[in-house]
Enquirer: 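Please find one structure pasted underneath; my questions will follow.
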There are 2 protein chains.
Amino acid sequence: MSRRSPTVQDSDLSARAKIREAALGLFGTSGFGVPLRTVAQAAGVSPGLVIHHFGSKDGLRAAVDESVLAVFLERFDALPKDLPADQLSRAMANVFSDVLGPNADIRQYLRRCLLDETPAGTTIFDEMVEATRRGLELLERAGGIRADSDPEWRPFQVLSIVLGPLLMEPVMQRHIGEPAYAPEVVRRRTSANLDVLSRGLFVSSAEKRG
Amino acid sequence: MSRRSPTVQDSDLSARAKIREAALGLFGTSGFGVPLRTVAQAAGVSPGLVIHHFGSKDGLRAAVDESVLAVFLERFDALPKDLPADQLSRAMANVFSDVLGPNADIRQYLRRCLLDETPAGTTIFDEMVEATRRGLELLERAGGIRADSDPEWRPFQVLSIVLGPLLMEPVMQRHIGEPAYAPEVVRRRTSANLDVLSRGLFVSSAEKRG
DNA sequence: TTCTATATTGAACAGTCATTCAACCACCGC
DNA sequence: GCGGTGGTTGAATGACTGTTCAATATAGAA
């Protein structure tokens with residue numbers, strides 16, 4: 001029952017991890033303003049222990065940031081380097097749905113990273129932009145993308161459609177009857193998104209006039 | 001030099017408005033955690049006056065919320081009720097670009113509304129969803145939308161593409177050289193977005209095989 | 001066992017916060 | 001002039017915050 005595998009950090013076993021996960025949830029739902037005492041209570045430890053393990057409240061935030069970042073980098077690095085273009089984009093989409101889908105805390109924390117602009121938060125989103133751009137370039141070379149599409153905005157358009165539900169989850173929740181990240185809801189939405197990205201939404205003027 | 005026009009609220013003339021606008025900017029950039037003293041100083045008044053005018057810090061937040069909400073509702077209500085479908089969707093898009101484009105404070109404040117879920121904030125986004133849904137239905141009846149598109153996700157897909165740059169503005173800023181909401185940048189992006197919504201991004205499989 | 005290092009506690013401290021309040025000022029009707 | 005009403009101030013207050021620290025518990029090494 002000792003340590004099992006040094007997945008993320010060494011000596012990240014019990015209390016330290018409990019504090020970090022409690023902070024992930026509370027920072028996500030209530031923002032960085034939550035009292036350290038509240039985090040400590042949620043983790044079942046004393047306030048002093050939080051400082052002992054993370055040095056300061058900012059240190060705790062940095063640790064939470066890095067743990068979230070690590071989840072994504074780990075998954076990105078695990079992707080096979082030589083996938084054909086269409087499989088690569090699908091594999092990357094799977095990383096997001098696998099990580100985000102079952103983990104509401106990470107979704108909410110990421111949403112907050114958009115505002116607070118901590119180093120790890122910016123890294124996560126910058127990686128997303130660059131990964132999307134690279135994926136689209138691969139796809140373009142394979143002939144999978146319209147030649148007259150705008151390379152400047154393409155990555156952001158794809159990211160907007162993929163990340164939109166993440167950022168607007170509370171809004172979406174109020175308008176659809178079911179949890180926005182329930183597995184089969186994600187499946188339906190992903191399918192609809194792929195459809196829009198493939199064929200558009202509006203009837204093109206050429207089609208209309210012809 | 002007395003009151004000019006009762007645009008938003010009565011008796012909303014000088015100090016009260018200055019405090020409200022200072023709070024809009026500071027809450028947007030630094031979050032609701034900014035000290036009341038800082039807001040007062042930015043508005044050039046004493047801390048006590050803020051309480052005198054708004055009752056409490058939460059009262060100030062509510063006032064800011066309502067003022068932002070009012071800007072949008074005012075513009076939505078001003079839209080002609082009997083526009084043809086394609087002009088309606090364009091008119092609504094113009095409301096966003098007109099209000100959001102020149103006003104960085106409102107953009108940042110809206111971004112924060114997405115998280116903090118204040119009443120007015122949820123109203124703004126709910127109105128956006130419903131307005132988009134109505135616009136799409138009108139457009140569909142006019143034959144402007146692909147019949148096989150998914151009515152459940154359509155409004156969110158459009159909103160994601162339109163609002164994505166708003167929510168990801170800091171991310172976008174780091175990847176394109178220029179301000180994400182400079183007028184001609186908005187023009188280019190809007191054009192690219194319309195293109196994606198009209199024709200899609202990927203080469204459809206039918207087109208690929210045929 | 002004893003020693004040592006680490007984990008853990010909770011009371012105490014110093015700072016900051018929103019809020020209160022008594023006073024002051026400016027203007028307007030009389 | 002005079003009274004008063006409302007805008008405005010800034011010091012005082014009490015609650016809450018992150019952090020410190022001396023004390024205690026725990027566990028492994030010698």
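Chain A is the first sequence line, chain B the second, and so forth, proteins listed ahead of strands; every chain is numbered from 1. Bear in mind the structure is a predicted one, so any value in this text is a computation, not a measurement.
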Enquirer: Measure CZ/B:R37 against C1'/D:dG10 and give the value in whole Å, please.
Expert: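 Rounded to the whole Å, the gap is 10 Å.
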Enquirer: Between B:R20 and B:E66, does at least one N-O distance fall below 4.0 Å, as a salt bridge requires?
Expert: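 Here B:R20 does not pair with B:E66 in a salt bridge, since their nearest N and O are not under 4.0 Å apart.
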Enquirer: To the side chain of A:A15, which of C:dT8, C:dC17, D:dT19 is closest?
Expert: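 Nearest to the side-chain atoms of A:A15, counting from C-beta on, is C:dT8.
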Enquirer: Measure from the side-chain heavy atoms of B:S46 and tell me the nearest of C:dT8, D:dT8, C:dA12.
Expert: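 For the B:S46 side chain, the nearest candidate turns out to be D:dT8.
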Enquirer: Near DNA chain C, under 4.0 Å by heavy atom, which residues of residues 57-65 of chain B?
Expert: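 Per residue number, the list reads B:K57.
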Enquirer: Between A:L49 (CG) and C:dT6 (C1'), how many Å, whole number?
Expert: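 So the CG-C1' distance, A:L49 to C:dT6, works out to 11 Å.
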Enquirer: Base, sugar-phosphate alone, or nothing: which one does A:V39 contact when heavy atoms must sit under 4.0 Å apart?
Expert: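 Nothing, no heavy atom under 4.0 Å.
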Enquirer: To the nearest Å, how far apart are B:L36 CG and D:dT8 P?
Expert: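 Value for this atom pair: 15 Å.
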Enquirer: In whole Å, what is the span from the CD atom of A:Q41 to the P atom of C:dT9?
Expert: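 Interatomic distance, CD of A:Q41 to P of C:dT9: 12 Å.
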Enquirer: For the pair A:D65 and A:R61, find out whether any cationic side-chain nitrogen is under 4.0 Å from an anionic carboxylate oxygen.
Expert: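 Salt bridge flag = no for A:R61 with A:D65.
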Enquirer: Hey, which of these two, B:I51 or A:H53, hits DNA chain C nearer its 5' end, going by closest nucleotide?
Expert: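 Nearer the 5' end of the strand: A:H53.
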Enquirer: From the options B:Q173, B:R107, B:M172, select the one residue that forms a side-chain contact (heavy atoms from CB on, under 4.5 Å) with B:P165.
Expert: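 Considering B:Q173, B:R107, B:M172, a side-chain contact (heavy atoms from CB on, under 4.5 Å) with B:P165 is found only for B:M172.
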Enquirer: Check B:E130 with B:R133, please: is the shortest side-chain N to carboxylate O separation under 4.0 Å?
Expert: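 So B:R133 pairs with B:E130 through a salt bridge.
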Enquirer: Which part of the nucleic acid, if any, lies within reach of B:V50 when heavy atoms closer than 4.0 Å are counted: base, sugar-phosphate only, or nothing?
Expert: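 The answer is nothing, as B:V50 stays clear of every strand by at least 4.0 Å.
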Enquirer: Is the charged tip of A:R189 near the ring of B:F156: under 6.0 Å from the six-membered ring centre and within 45° of its axis?
Expert: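 No, a cation-pi geometry is absent between A:R189 and B:F156.
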Enquirer: Kindly say if B:H52 contacts the phosphate of D:dT8, meaning a side-chain N or O under 4.0 Å from OP1 or OP2.
Expert: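 It does not, given that no N or O in the side chain of B:H52 lies less than 4.0 Å from OP1 or OP2 of D:dT8.
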Enquirer: Donor-acceptor pairs are to be reported for all side-chain atoms of residues 92-106 of chain A against protein atoms at under 3.5 Å, with residues two or more places apart or in another chain.
Expert:
residue: A:S97; atom: OG; partner: A:A93; partner atom: O; Å: 3.3
residue: A:S97; atom: OG; partner: A:N94; partner atom: O; Å: 3.1
residue: A:D98; atom: OD2; partner: A:R75; partner atom: NH2; Å: 3.1
residue: A:N103; atom: OD1; partner: A:D105; partner atom: N; Å: 3.4
residue: A:N103; atom: OD1; partner: A:I106; partner atom: N; Å: 3.4

Enquirer: Less than 6.0 angstrom from the centroid, inside 45 degrees of the normal: does A:R146 satisfy that with respect to the ring of B:F202?
Expert: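 No, A:R146 does not sit over the ring of B:F202.
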Enquirer: Given atom CZ of A:F54 and atom P of D:dT19, what is their separation to the nearest angstrom?
Expert: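 Atom CZ in A:F54 sits about 13 Å away from atom P in D:dT19.
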